[in-house]
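Just so it is clear, the model here is predicted, and its values are computed rather than measured.
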Amino acid sequence: MSTALRNSAPIDPLIRLSGVSVTYPGSATQALSNVDFSLEPHQAVLVIGPSGSGKSTLAMVVAGLIPQSVEASVVGQIERSAELNHPGAIGFVFQDPESQFCQLTVGQEVAFGLENIATDPQLMDQKIGRALGTAGLFIDPGAPNYALSGGMQQKLALAAGLAPEPQLLIFDEPTANLDPQSTSQVFSQIESLIGEQRTILVVEHKFEHLLDLLPHLLIFDHHGRIHRSGDTSTVIAEEWSWLIAQGLVPRRMRAGFDPSSLPPPCQPPPSGARG
């Protein structure tokens with residue numbers, strides 16, 4: 001069965017995946033295997049799992065990068081809300097922000113996305129300033145991109161993603177190449193965005209810092225399948241032994257973290273996801 005992408009009528013979730021499997025060219029194994037998942041407005045979902053388990057593939061499918069920009073065979077059904085079909089509706093922050101920059105200066109980088117959605121030139125400076133402020137990057141818009149630290153580059157990537165006022169923000173391992181201080185800054189920005197009721201999907205291997213921030217959790221196994229999904233506090237408490245057995249819990253967490261100590265969720269768990 002080929003992928004069906006229906007845009008004719010809005011649906012309650014922003015996106016729904018039903019039985020979606022993804023295989024990259026030349027690979028004998030599926031990156032995603034029979035995944036059911038939906039993401040509703042204002043949800044904040046954390047995605048964890050082993051390396052190569054399909055986390056980033058899920059993010060790219062949700063963003064529409066697969067199969068439109070990244071070649072892959074996709075089987076299953078994808079239903080996307082009309083809200084996600086206009087330019088700038090989805091912001092994507094990659095683990096290597098420098099790889100997504102296409103302009104020379106901070107202001108030009110943020111303006112690029114605004115130009116793609118035909119922003120009124122008279123509003124451009126205001127929107128650039130607002131996006132930089134929201135991302136916590138208080139710097140001259142004329143500053144060159146190459147001169148920024150890793151943490152500042154990630155903030156610039158976030159500002160560029162925020163400027164078009166997207167319906168959905170996706171973070172794919174945003175702290176993979178950052179030092180502890182820059183990592184903390186990125187997590188603080190994610191916390192602020194959650195407080196603003198943004199719809200967020202975060203793929204992150206340093207998940208211990210996000211368990212009490214993102215109300216919903218999705219766990220992948222080694223075979224590209226969803227092992228478990230639901231509210232973070234419940235899933236972590238019930239799957240803690242499995243996570244340790246899979247080598248997903250950092251050694252520093254095993255002795256000092258109580259998996260039953262997380263607060264209850266403040267939002268309903270993501271619908272339509274199953275392991």
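For the pairing with L201, the side chain to side chain contact (heavy atoms under 4.5 Å, CB included) check across F92, F171, F37 returns one residue only, F37. Each of E109, Q153, Q108 was compared with N145 under the side chain to side chain donor-acceptor pair (under 3.5 Å) criterion, and only E109 meets it.
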task: Could you walk me through whether S56 and D172 pass the side-chain hydrogen bond (donor to acceptor under 3.5 Å, both in side chains) test, one step at a time?
output: CA-CA 6 Å; S56 294; D172 184 14; 2.7 Å; yes
| Is there a salt bridge (Lys or Arg N to Asp or Glu O under 4.0 Å) between R228 and E238 once you walk through the steps? | CA-CA 10 Å; R228 181 72 186 274; E238 296 181 357; 2.6 Å; yes
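Closest of all the heavy-atom pairs between D36 and I226 is O-CD1, 3.5 Å. Nearest approach of V249 to F207, heavy atoms of both residues: CA-CZ, 4.4 Å. When every heavy atom of A72 is checked against every heavy atom of V22, the shortest pair comes out as CB-CG1, 3.8 Å. For the residue pair L46 and E204, the shortest heavy atom distance occurs at CD1-CB, 4.2 Å. Across all non-hydrogen atoms, the minimal contact from I170 to I90 is CD1-CG2, 4.0 Å. Here the closest heavy-atom approach between residue A131 and residue A159 is recorded as CB-O, 3.5 Å.
In this structure, the side-chain contact (heavy atoms from CB on, under 4.5 Å) partners of E71, at least two apart in sequence or on a different chain, are P25.
Defined by atom type and a distance below 3.5 Å, a donor-acceptor pair is present between the side-chain atoms of Q246 and H222. A donor-acceptor contact closer than 3.5 angstrom is absent between the side chains of T199 and Q167. A donor atom on one side chain and an acceptor atom on the other are found under 3.5 Å apart for Q30 and S33.
Using a cutoff of 4.0 Å between basic side-chain nitrogens and carboxylate oxygens, E165 and R130 are scored as salt-bridged. Using a 4.0 Å cut-off between charged side-chain N and carboxylate O, E173 and K206 make no salt bridge.
Between F257 and W240, the angle of the ring planes lies from 30° to 60°, which puts this pair in the tilted group.
The same ILVMFWY cluster, assembled from side-chain heavy atoms under 4.5 Å apart, contains both Y24 and L32. Placement of L148 and L104 in two distinct hydrophobic clusters is found when ILVMFWY residues are connected by side-chain heavy-atom separations under 4.5 Å, directly or transitively. Hydrophobic clustering (side-chain heavy atoms under 4.5 Å, transitive across Ile, Leu, Val, Met, Phe, Trp, Tyr) keeps V93 apart from L137.
Within the 4.5 Å cutoff, no side-chain heavy atoms of V20 are placed close to those of Q77.
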What pairs of donor and acceptor atoms, side-chain ones from residues 116-129 against any protein atom, are under 3.5 angstrom apart with sequence neighbours left out?
{"from": "T119", "atom 1": "OG1", "to": "L114", "atom 2": "O", "distance (Å)": "2.9"}
{"from": "D120", "atom 1": "OD1", "to": "Q122", "atom 2": "N", "distance (Å)": "2.9"}

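Distance check, rounded to the nearest 0.5 Å: OG of S53 to CD1 of I48 gives 9.5 Å.
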